Amino acid sequence: MTVFLFKEKKMAQKKLLLIDGNSVAFRAFYALYRQLDRFTSPDGLHTNAIFTFKNMLDAIMKQTDPSNVLVAFDAGKVTFRTKMYQDYKGGRQKTPSELSEQLPVIREMLKDLGIKSYELKNYEADDIIGTLSKMGEEAGYTVDIVTGDRDLTQLASDKTTVLITKNGVGDTEAYTPEHMKEVNGVTPTEFIDMKALMGDNSDNYPGVTKVGPKTASRLIQKYGSVEKLYEHVDEMKKSKLKENLINDKDKAILAKKLATIDRDSPVEVTLADTKLEEPNIEDLRNLYERLGFKKFLAELGASGVSAGKQESEKYEYLELTRENIADLDKINEKEVTFYLAMLGDNYHLAPLEGFSLKVSDKIYVSKDVVLLQEAPLRQMLEDKKIKKNVFDIKRTYVGLHRLDIDAEGLDYDMLLASYLVNNENNSNDLGEVAHLYDDYSVKTDLEVYGKGKKQAVPEDDEFFEHLAAKVAVIEKLKQPLLEKLKDHEQDDLYETIEIPVAFVLAKMEITGIKVEASVLNQLGNDFAVKLQELEHKIYQQAGEEFNLNSPKQLGHILFEKLNLPPIKKTKTGYSTSVEVLEQLKMKSPIVSEILDYRQIAKIQNTYVKGLLECIQPDSRIHTRYLQTLTATGRLSSVDPNLQNIPTRTDEGKQIRKAFVPSTKDGYIFSCDYSQVELRVLAHVSGDEHMQEAFKSGYDIHAHTAMKIFHLDSPDEVTPLMRRHAKAVNFGIVYGISDYGLSKNLGISRKQAKTFIDNYFEQYPQIKDYMDKAIKKARENGYAETIMHRRRYLPDIHSKNFNVRSFAERTAINSPIQGSAADIIKIAMINMQKKLDELHLKTKMVLQVHDELIFDVPKDELDTIKKIVPEVMQSAVKLDVPLIADSNWGHNWYDAK
DNA sequence: CCACTCACG
DNA sequence: ACGTACGTGAGTGGT
């Protein structure tokens with residue numbers, strides 16, 4: 001669909017987009033390398049690169065909105081560079097045939113899309129791009145270049161931006177001359193000289209021995225160019241570097257030639273040739289059909305531009321109204337599919353707009369949700385013997401509850417199933433989820449309802465079609481999804497954890513937690529006074545008034561007006577984060593006051609004001625737990641987020657005083673797991689030392705301190721040692737690095753490294769676990785929790801060190817964080833069951849990752865004190881004990 | 001709509 | 001040499 005936006009939009013004046021076709025195709029190929037076998041056309045052609053190329057192209061076109069486009073390709077192996085240096089790009093692996101077979105098809109697709117592609121004998125794509133960008137600049141175009149190859153950044157100028165592709169399909173890093181300076185310390189043209197000194201491993205030509213980016217950048221910054229450097233090389237004082245520079249002069253001179261992009265290559269293309277043309281819809285349709293690209297075919301159909309018919313599947317339906325509802329017979333089927341439509345994400349408040357129902361092969365739709373309360377429908381919804389397939393059990397349950405319907409037999413949840421099968425895409429939209437499984441017969445809500453202010457229910461026909469498609473697709477994809485769950489050994493996770501927990505969460509959300517507005521208002525008044533005082537003092541010291549909430553303006557005051565040293569920079573300017581301000585505290589009293597202001601302003605805006613707006617007429621706040629969002633299996637909480645209520649500072653903690661029990665003299669009771677993640681680690685790693693520590697009930701951080709500092713008795717552990725050991729333990733869970741640890745503790749990297757080395761020496765099986773976790777993720781393509789929750793990690797194969805390292809740390813962390821999430825979910829299910837069994841009035845009201853919070857009537861406190869820790873501790877059986885600590889009080893603040 | 005900052009586990 | 005801790009949501013300013 002994006003493709004057609006080009007012509008609908010008024011075209012930008014004179015914007016030239018140049019794409020390095022081989023480079024982008026290469027990235028596209030490897031982005032879906034894992035899916036190579038899944039992406040084949042009916043006639044056996046691999047299509048992963050073509051498919052991703054189109055997606056990347058759409059993203060780039062949307063981002064750059066060009067009037068002219070050219071995609072440049074390499075013409076072959078022999079170029080003027082190989083004549084100059086025969087090993088140029090030597091030793092490179094041959095392009096895999098699975099990719100090369102796709103290149104002609106990409107060019108065919110470009111042609112059909114109305115985009116010019118071009119190659120030139122003896123020249124590389126780089127040179128075509130260099131030449132065209134020069135032509136473009138001279139003709140007054142702004143130029144965007146897209147490539148994965150950093151060589152091209154030498155073309156950046158005030159008119160040309162070089163976009164380097166990153167991991168995500170549409171993600172790029174924009175190289176302007178300024179950005180170039182930040183990254184390499186040199187200008188784009190100087191970058192050629194830098195490369196002359198460094199050489200290029202991937203293109204297989206050497207530079208000067210022992211000179212890498214750091215040295216090269218320093219030298220070029222000092223001398224300006226290779227030539228100037230050699231003019232002054234004799235003046236350098238004696239060093240190995242000087243020797244190398246002199247010895248390798250020839251190499252440097254040659255490397256400069258190889259690195260320089262030819263901006264005057266004999267291209268036969270004119271700028272007029274690059275003008276974006278109308279796509280050829282029929283050819284595109286044929287191509288997509290040949291390749292089996294349902295997604296893009298659907299876009300052609302949906303665009304309305306199409307002259308062809310391309311019927312997307314339609315589902316027949318009957319409209320139910322108050323007039324014909326009586327004709328509906330009693331529903332006796334064992335299984336039906338149901339969808340409740342509302343306009344908006346927040347199902348506690350969003351207007352209910354309609355529903356659809358599939359009974360056997362008939363689909364019913366309606367805009368009149370009140371009909372659900374009528375006999376045959378209500379009966380069906382409240383009959384637990386009639387199993388309902390839905391998309392999002394929790395939403396459906398809460399929505400029906402608002403209609404005073406107690407839904408029973410909600411049995412299959414397409415959203416939950418799809419989330420467990422693969423949570424890489426965490427969309428909560430039925431249409432988007434269906435598209436993941438190649439079903440394009442249902443649109444997304446965004447397409448049908450629009451977004452923002454213009455969001456609305458469309459005309460009846462379109463709305464009903466949408467509703468009908470939804471139930472049809474829920475049913476259609478049920479078996480495939482259930483089979484996938486079985487294949488993944490996730491049926492247990494799905495049936496015994498996620499489905500039951502959906503109901504537990506629904507009930508918690510419906511209950512909500514009581515919040516005293518008067519407490520928040522009082523706090524708000526106090527904070528307002530403090531803020532005003534601080535504001536006044538800060539303006540006085542700054543000598544002017546400014547917007548304290550603007551990092552930009554604050555940066556100007558601190559680092560330009562008051563000349564404090566700018567410790568850290570961000571993409572857009574000076575960093576003014578806590579980390580930076582803490583270091584500046586000593587230099588000027590204004591800094592401490594800014595920190596105080598920030599802290600209080602945050603509490604005031606986010607918590608006092610934010611929470612007040614969320615209190616409903618029943619004096620309660622009803623958050624929503626997102627059950628299908630996180631990559632690890634944790635919940636998240638929105639509207640409002642009740643999982644990040646302040647606890648670390650005293651001012652912040654005051655907020656908790658507003659969270660109160662709903663009964664007179666009742667209690668807020670809180671019970672949290674002690675060190676779950678470390679206990680999970682002790683369990684999955686099988687490390688005897690750590691297991692022993694937990695079994696003996698030692699203070700784990702003190703124990704770690706003894707180990708890493710080689711102490712004999714706990715008495716020798718100082719508070720500082722314990723603090724350090726605690727940070728090491730956290731670091732282990734996150735997939736530690738010496739840099740991260742040193743930053744966290746404010747110690748040297750070397751010292752951090754010693755801690756880590758000692759740790760691994762003392763807990764060898766932990767080290768072993770980490771290595772194995774990475775290895776397993778590489779082999780399987782995913783990491784897994786104790787309950788078989790998966791997280792796919794395609795980046796684990798990345799050639800990019802950073803990207804790969806991140807995936808490796810994730811492979812270590814996800815099973816730990818995810819297993820802890822599994823455990824508390826089990827505890828929640830058991831807890832709700834226990835509360836029901838004992839007919840208690842106590843309600844479970846909040847979950848904060850390792851903590852459960854209850855609203856307890858006075859006379860149930862003793863029971864709760866006993867059963868909650870019992871249930872939590874026995875949720876699963878690990879090789880180490882699970883411990884949960886309880887606290888209670890007459891508000892959340894006092895439950896500490 | 002993104003970047004920054006900061007609240008939580 | 002690489003440039004880093006893991007997982008979230010919300011308010012604000014500025015384009």
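Reckoned from all heavy atoms, side chains included, excluding hydrogens, waters and symmetry mates. A note on names: the letters A, B, ... follow the listed sequences, proteins ahead of strands, and every chain is numbered from 1. Remember, it's a predicted structure, so these values are computed and weren't measured experimentally.
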For this session: For A:Lys743 and C:dC6, give me the distance from atom NZ to atom C1', rounded to whole Å.
Result: 13 Å

For this session: Mind checking ring-ring contact (aromatic ring centres under 6.0 Å, His included) for A:Tyr347 and listing every partner two or more places apart, or none if nothing turns up?
Result: none

For this session: Mind calculating the distance between CD1 (A:Ile816) and P (C:dA5) to the nearest angstrom?
Result: 18 Å

For this session: Would you mind reading off the distance between A:Leu635 atom CG and C:dC6 atom C1', rounded to a whole angstrom?
Result: 17 Å

For this session: Return the set of residues passing side chain to side chain donor-acceptor pair (under 3.5 Å) with A:Lys214 (not counting sequence neighbours), or none when no residue passes.
Result: none

Exercise. Can you tell me if CD on A:Gln532 sees more than 12 non-hydrogen neighbours from other groups inside 6.0 Å?
Worked result: no

Exercise. Could you state the CD1-P distance from A:Ile756 to C:dT4, rounded to the nearest angstrom?
Worked result: 16 Å

Exercise. Across the strands shown, which category fits A:Gly735 at heavy-atom distances under 4.0 angstrom: base, sugar-phosphate, nothing?
Worked result: nothing

Problem set entry | Pairwise P distance for B:dC4 and C:dA5, with rounding to whole Å | 14 Å

For this session: Answer yes if the ring centres of A:Tyr539 and A:Phe546 are under 6.0 angstrom apart, and no otherwise.
Result: yes

For this session: Under 4.0 Å from any atom of DNA chain C, heavy atoms only: list the residues of residues 784-791 of chain A that qualify, in numerical order.
Result: A:Arg791

Exercise. Which parts of residues 673-683 of chain A get close to DNA chain C, meaning a heavy atom less than 4.0 angstrom away?
Worked result: none

For this session: With sequence neighbours excluded, tell me which residues meet salt bridge (Lys or Arg N to Asp or Glu O under 4.0 Å) with A:Arg790.
Result: none

Identify all side-chain donor-acceptor contacts of residues 603-610 of chain A below 3.5 Å with residues at least two apart in sequence or on another chain.
unit_1: A:Gln604; atom_1: NE2; unit_2: A:Gly524; atom_2: O; d: 3.1
unit_1: A:Asn605; atom_1: ND2; unit_2: A:Ala601; atom_2: O; d: 3.2
unit_1: A:Thr606; atom_1: OG1; unit_2: A:Lys602; atom_2: O; d: 3.3
unit_1: A:Tyr607; atom_1: OH; unit_2: A:Asn644; atom_2: O; d: 2.5
unit_1: A:Tyr607; atom_1: OH; unit_2: A:Asn644; atom_2: ND2; d: 3.4

For this session: Check the surroundings of atom NZ in A:Lys896: do more than 12 heavy atoms from other residues, nucleotides or ligands lie under 6.0 Å from it?
Result: yes

For this session: Classify the nucleic acid contact of A:Ala821 as base, sugar-phosphate or nothing, counting any heavy atom under 4.0 Å across all strands shown.
Result: nothing

For this session: Summarise how protein sits on nucleotides 9-15 of chain C as a single string, 5' to 3': B when a protein heavy atom is under 4.0 Å from the base, S for sugar-phosphate-only contact, - for no contact.
Result: BSSSSSS

Exercise. Would the number of heavy atoms belonging to other residues, nucleotides or ligands and lying under 6.0 Å from NZ of A:Lys776 be above 12?
Worked result: no

Problem set entry | Distance-only donor-acceptor check, side chains A:Ser427 and A:Glu432, under 3.5 Å | yes

Exercise. Roughly, in whole Å, what's the span from CD in A:Glu808 to P in C:dG3?
Worked result: 15 Å

Exercise. When we call it a touch if two heavy atoms are under 4.0 Å apart, what does A:Phe806 touch: a base, just sugar-phosphate, or nothing?
Worked result: sugar-phosphate

For this session: Give the intermediate values and the outcome of side-chain contact (heavy atoms from CB on, under 4.5 Å) for residues A:Glu173 and A:Arg150.
Result: CA-CA 10 Å; A:Glu173 183 178 3; A:Arg150 279 171 204 274; 3.7 Å; yes

For this session: Just call it for A:Thr576: base, sugar-phosphate, or nothing, with non-hydrogen atoms closer than 4.0 Å on any strand.
Result: sugar-phosphate

Seminar exercise, completed: Of A:His849 and A:Asn802, the one whose closest nucleotide on DNA chain C sits nearer the 5' end is A:Asn802

Problem set entry | Qualifying residues under ring-ring contact (aromatic ring centres under 6.0 Å, His included), relative to A:His701, sequence neighbours excluded | none

Exercise. Salt bridge between A:Glu509 and A:Arg395, side-chain N to carboxylate O under 4.0 Å?
Worked result: no

Problem set entry | Nearest-Å distance once atom C1' is located in both C:dC2 and B:dA7 | 32 Å

Problem set entry | Under 4.0 angstrom between A:Arg809 side-chain N/O and C:dC6 OP1 or OP2 | yes

Exercise. So what does A:Arg598 touch, heavy atoms closer than 4.0 Å: a base, only the sugar-phosphate, or nothing?
Worked result: sugar-phosphate

What pairs of donor and acceptor atoms, side-chain ones from residues 547-555 of chain A against any protein atom, are under 3.5 angstrom apart with sequence neighbours left out?
unit_1: A:Asn547; atom_1: OD1; unit_2: A:Asn549; atom_2: N; d: 2.9
unit_1: A:Ser550; atom_1: OG; unit_2: A:Lys552; atom_2: N; d: 3.3
unit_1: A:Ser550; atom_1: OG; unit_2: A:Gln553; atom_2: N; d: 3.0
unit_1: A:Gln553; atom_1: OE1; unit_2: A:Asn547; atom_2: N; d: 2.8

Exercise. Does any donor atom in the side chain of A:Gln817 or A:His849 lie under 3.5 Å from an acceptor atom in the other side chain?
Worked result: no

Exercise. Just how far, in rounded Å, is P of C:dG7 from CG of A:Asp850?
Worked result: 17 Å

Problem set entry | From CD1 (A:Ile700) to CZ (A:Arg679), nearest 0.5 Å | 8.0 Å

Problem set entry | Test of ring centre spacing under 6.0 Å for A:Tyr759 and A:Tyr763 | yes

Problem set entry | Residues forming a ring-ring contact (aromatic ring centres under 6.0 Å, His included) with A:Tyr625, sequence neighbours excluded | none

Exercise. Taking 5' to 3' order, which nucleotide of DNA chain B is first and which is last to have an atom within less than 4.0 Å of a heavy atom in chain A?
Worked result: B:dC1 to B:dG9

Exercise. Which comes earlier along DNA chain C counting from the 5' end, the contact point of A:Lys214 or that of A:Ala727, where each point is its nearest nucleotide?
Worked result: A:Lys214

For this session: Write out the stems for DNA chain C, ordered by first number and formatted as range with range, counting runs of at least 3 consecutive Watson-Crick or G-U wobble pairs under 3.5 Å.
Result: B:1-9 with C:6-14

Problem set entry | Touch class at under 4.0 angstrom, heavy-atom based, for A:Ile645 against every strand present | sugar-phosphate

For this session: Pick the P atom in C:dT4 and in B:dA3, then give their distance to the nearest Å.
Result: 15 Å

Exercise. Taking atom types as modelled, is there a side-chain donor on A:Thr630 or A:Ser636 under 3.5 Å from an acceptor on the other?
Worked result: no

Problem set entry | Interatomic distance where NZ belongs to A:Lys753 and C1' belongs to C:dA5 [whole Å] | 16 Å

Problem set entry | A:Glu851 CD to C:dT8 P, straight-line distance once rounded to whole Å | 19 Å

